[in-house]
Colleague: 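Before anything else, here's the structure in question.
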Amino acid sequence: MQVTVYNCRSFDEKPLFMKYAEELGLKLVLCEDAPSLDNVSLCEGSRCVNVITSKVDARLMQAFRNHGVEYVTTRTIGYDHLDLEAAEACGIKVGNAPYGPNGVADYTVMLILMSIRRMGAILGRSALQDYTLAGLNGRELKDLTVGVIGTGRIGATVVGNLSGFGCRILAYDLYEKEELKQYAEYVPLDRIWSDADVITLHTPLTEENYHLIGADTIARMKDGVVIVNTARGALIDSGALIEAVESGKIGAAGLDVVENEFGLYYYDHKADILKNRELALLRSFPNVIVSHHMAFYTKNYVETVVRDSLTSCRLYMEGKKNPWEVN
Ligand code: NAI
């Protein structure tokens, strides 16, 4: 039973792939590159292919099929990078590998705390041996109202995490969760804008909520509001965010995701001239923390997606019930 694995990171995924392949009795073909028409022949002899976030369009899907592939699994929760219609049309089954919400939820609370305690500026000064206090006065979470937008798996975990800090929690979602009402008050979106000192985003990006935070919504927020985004960059209009940081309307921001990050993150660009002015400006502000879309990245995450994606290949090839199949 052979599986071809693309985008296999040698520094953390490879040892786990070897370990689980042995346990599951699978033979692996490992490739560090993204799948493409140039390296599709590596699938010869594999009924299953294992990918990560790289696009698999209709041509590549058909090329997989031409090489005998029957099942494509992705080591991610989302599978919008895989052309499902094309998969269906050529008879390929698709699977995903969901992982727990705690990594992103923990990271979110960290960004909230770092933002209200001015940790970006503190670390910057400390690196230069500047041990002064002026301008570094922080706020305590117990005195603040946090607005959580989106209370799905991650947002709900953030609410649970925050409940220990004694802050007031407001929540907004299209669907309310009864079990969260002991910690958070569900309110209309308008109330989040007007009442929250900290706003954190946890919805998927859709056509309706593209630029959910923009000039109009920022104008309705409290002065000095803190914005945290570990969801998707395009939920925030970067231009409006920059203007509001410059004017002081936004007091701080913690951004694990930014607009137009695709193709930028996870590569070493030290020597490159970057074509993302918004990112360059946001990185320059002492009250804005930018990280490269890595809130998910924990040991637990890597182990889970490698193990489950390989297990799903094994189940598929044995013709057994496969809980990770999505089509
Ligand atoms: P989920 O599907 O469990 O929850 C999303 C929630 O958003 C649902 O409760 C849904 O009803 C709500 N929602 C959808 N549209 C909405 C709208 N227009 N207004 C209000 N609520 C709306 O998703 P999950 O797993 O909690 O992920 C949340 C976000 O986190 C997603 O954007 C996902 O892409 C992102 N994410 C980021 C990661 C990172 O490393 N930074 C890693 C994993 C997910």
Side-chain angles (χ1 to χ4, degrees), residues 9 12 52-53 74-82 96-112 114-115 146-162 169-181 183-193 196 199-214 216-217 220 227-237 253-262 264-266 279 282 289-305 308-309 324 326:
R9 295 191 304 265
D12 63 347
I52 200 156
T53 44
T74 172
R75 309 191 290 285
T76 53
I77 300 179
Y79 40 85
D80 47 312
H81 50 292
L82 308 178
N96 68 344
Y99 48 91
N102 295 76
V104 181
D106 289 357
Y107 200 94
T108 302
V109 175
M110 178 185 78
L111 285 181
I112 292 174
M114 288 180 80
S115 299
V146 181
V148 178
I149 300 182
T151 55
R153 286 161 14 104
I154 294 170
T157 311
V158 168
V159 169
N161 287 353
L162 286 173
I169 306 173
L170 302 179
Y172 172 74
D173 196 300
L174 305 175
Y175 308 96
E176 300 189 358
K177 281 187 170 157
E178 280 309 310
E179 66 274 23
L180 283 191
K181 293 186 180 173
Y183 304 125
E185 181 191 350
Y186 277 100
V187 294
L189 198 47
D190 270 346
R191 284 273 312 283
I192 303 265
W193 305 142
I199 296 173
T200 180
L201 302 178
H202 302 288
T203 68
L205 175 67
T206 62
E207 263 173 42
E208 295 81 63
N209 64 21
Y210 173 78
H211 285 182
L212 177 69
I213 293 187
D216 288 356
T217 39
R220 282 140 68 189
I227 306 287
V228 167
N229 189 5
T230 57
R232 282 294 176 265
L235 290 170
I236 301 181
D237 176 345
L255 310 172
D256 186 48
V257 288
V258 290
E259 282 190 285
N260 308 317
E261 67 183 44
F262 193 74
L264 183 60
Y265 284 171
Y266 314 134
L279 177 60
L282 288 166
I289 293 164
V290 176
S291 59
H292 48 279
H293 198 151
M294 55 183 309
F296 67 91
Y297 190 53
T298 64
K299 285 191 172 166
N300 183 292
Y301 151 81
V302 182
E303 179 115 21
T304 302
V305 297
D308 291 356
S309 63
W324 292 284
V326 298

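Just follow the structure's listing: the first ligand is 1, and inside any ligand the first atom is 1. Scope of the values below: all heavy atoms of this structure, side chains included, with no hydrogens, waters or symmetry mates.
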Colleague: Out of L212, D173, L235, which one pairs with I149 under the side-chain contact (heavy atoms from CB on, under 4.5 Å) rule?
Modeller: L212
Colleague: Flag atom 30 (O) of ligand 1 as yes if some protein heavy-atom distance to it falls below 4.0 Å, otherwise no.
Modeller: yes
Colleague: Side chains of D256 and S291: donor-acceptor distance under 3.5 Å anywhere?
Modeller: yes
Colleague: Are any of the N/O atoms in Y175 less than 3.5 Å from those in ligand 1?
Modeller: no
Colleague: Is there a donor-acceptor pair under 3.5 Å between the side chain of H292 and the backbone N or O of E261?
Modeller: no
Colleague: Under a heavy-atom criterion of less than 4.0 Å, does P204 contact ligand 1?
Modeller: yes
Colleague: Considering I154, V104, D80 one by one, which has a heavy atom nearer to atom 26 (O) of ligand 1 than any of the others?
Modeller: I154
Colleague: Ignoring hydrogens and geometry, is there a side-chain-to-backbone donor-acceptor pair from R153 to Y99 under 3.5 Å?
Modeller: yes
Colleague: Check whether any side-chain N or O of N229 sits under 3.5 Å from a backbone N or O of R232 as a donor-acceptor pair, and report yes or no.
Modeller: yes
Colleague: Does Y186 use its side chain to pair, donor to acceptor, with the backbone of K177 at less than 3.5 Å?
Modeller: yes
Colleague: Among all the protein's non-hydrogen atoms, which is closest to atom 15 (N) of ligand 1, and how far away is it?
Modeller: L174 CD1, 3.7 Å
Colleague: Apply side-chain hydrogen bond (donor to acceptor under 3.5 Å, both in side chains) to the pair T108 and T230, showing each step before the final yes or no.
Modeller: CA-CA 7 Å; T108 302; T230 57; 3.1 Å; yes
Colleague: Look at atom 4 (O) of ligand 1 and say which protein heavy atom is nearest, naming residue and atom and giving the distance to 0.1 Å.
Modeller: G152 CA, 3.2 Å
Colleague: Measure from atom 43 (C) of ligand 1 to every heavy atom in Y107, F296, Y99 and give the option owning the shortest one.
Modeller: Y99
Colleague: So is E208 touching ligand 1 or not, going by heavy atoms under 4.0 Å?
Modeller: no
Colleague: Which atoms from ligand 1 have a heavy atom of A295 less than 4.0 Å away?
Modeller: 39 (C), 40 (O), 41 (N)
Colleague: Given T108, I77, D173, which has its nearest heavy atom closest to atom 6 (C) of ligand 1?
Modeller: D173
Colleague: Among all protein heavy atoms, pick out the one at the shortest distance from atom 20 (C) of ligand 1; state its residue, atom name and that distance to 0.1 Å.
Modeller: Y172 CE2, 3.4 Å
Colleague: Output the distance between atom CD1 (I169) and atom OG1 (T151), rounded to the nearest 0.5 Å.
Modeller: 11.5 Å
Colleague: Pick whichever of T230, V158, L255 has a heavy atom sitting closest to atom 37 (C) of ligand 1.
Modeller: T230
Colleague: Looking at atom 23 (O) of ligand 1, tell me if a protein heavy atom falls under 4.0 Å from it.
Modeller: no
Colleague: Report the C-alpha distance between Y183 and L162 in whole Å, list the side-chain angles of each, state the deciding distance to 0.1 Å, and finish with yes or no for side-chain contact (heavy atoms from CB on, under 4.5 Å).
Modeller: CA-CA 9 Å; Y183 304 125; L162 286 173; over 6 Å; no
Colleague: Any atoms of ligand 1 less than 4.0 Å from a non-hydrogen atom of D256? List them with their elements.
Modeller: 39 (C), 40 (O), 41 (N)
Colleague: Among all protein heavy atoms, pick out the one at the shortest distance from atom 28 (C) of ligand 1; state its residue, atom name and that distance to 0.1 Å.
Modeller: H202 O, 3.4 Å
Colleague: Before giving the answer on side-chain contact (heavy atoms from CB on, under 4.5 Å), spell out for L255 and I236 the whole-Å C-alpha distance, their side-chain angles and the decisive distance to 0.1 Å.
Modeller: CA-CA 10 Å; L255 310 172; I236 301 181; 4.3 Å; yes
Colleague: In terms of the angle between their ring planes, are Y266 and F296 parallel, tilted or perpendicular, with boundaries placed at 30° and 60°?
Modeller: perpendicular
Colleague: If you measure from each non-hydrogen atom of R153 to ligand 1, which part falls under 4.0 Å: side chain, backbone, both or neither?
Modeller: both
Colleague: S309 and R75: which non-hydrogen atoms are nearest, and at how many Å?
Modeller: OG-CG, 3.8 Å
Colleague: Please list the nearest protein heavy atom to atom 21 (N) of ligand 1 with its residue and the distance rounded to 0.1 Å.
Modeller: T203 CG2, 3.5 Å
Colleague: Give the residue, atom name and distance (to 0.1 Å) of the protein heavy atom nearest atom 18 (N) of ligand 1.
Modeller: N209 ND2, 3.5 Å
Colleague: Which ligand 1 atoms does R232 reach within 4.0 Å, using its non-hydrogen atoms?
Modeller: 32 (O), 34 (O), 35 (C), 36 (N), 37 (C)
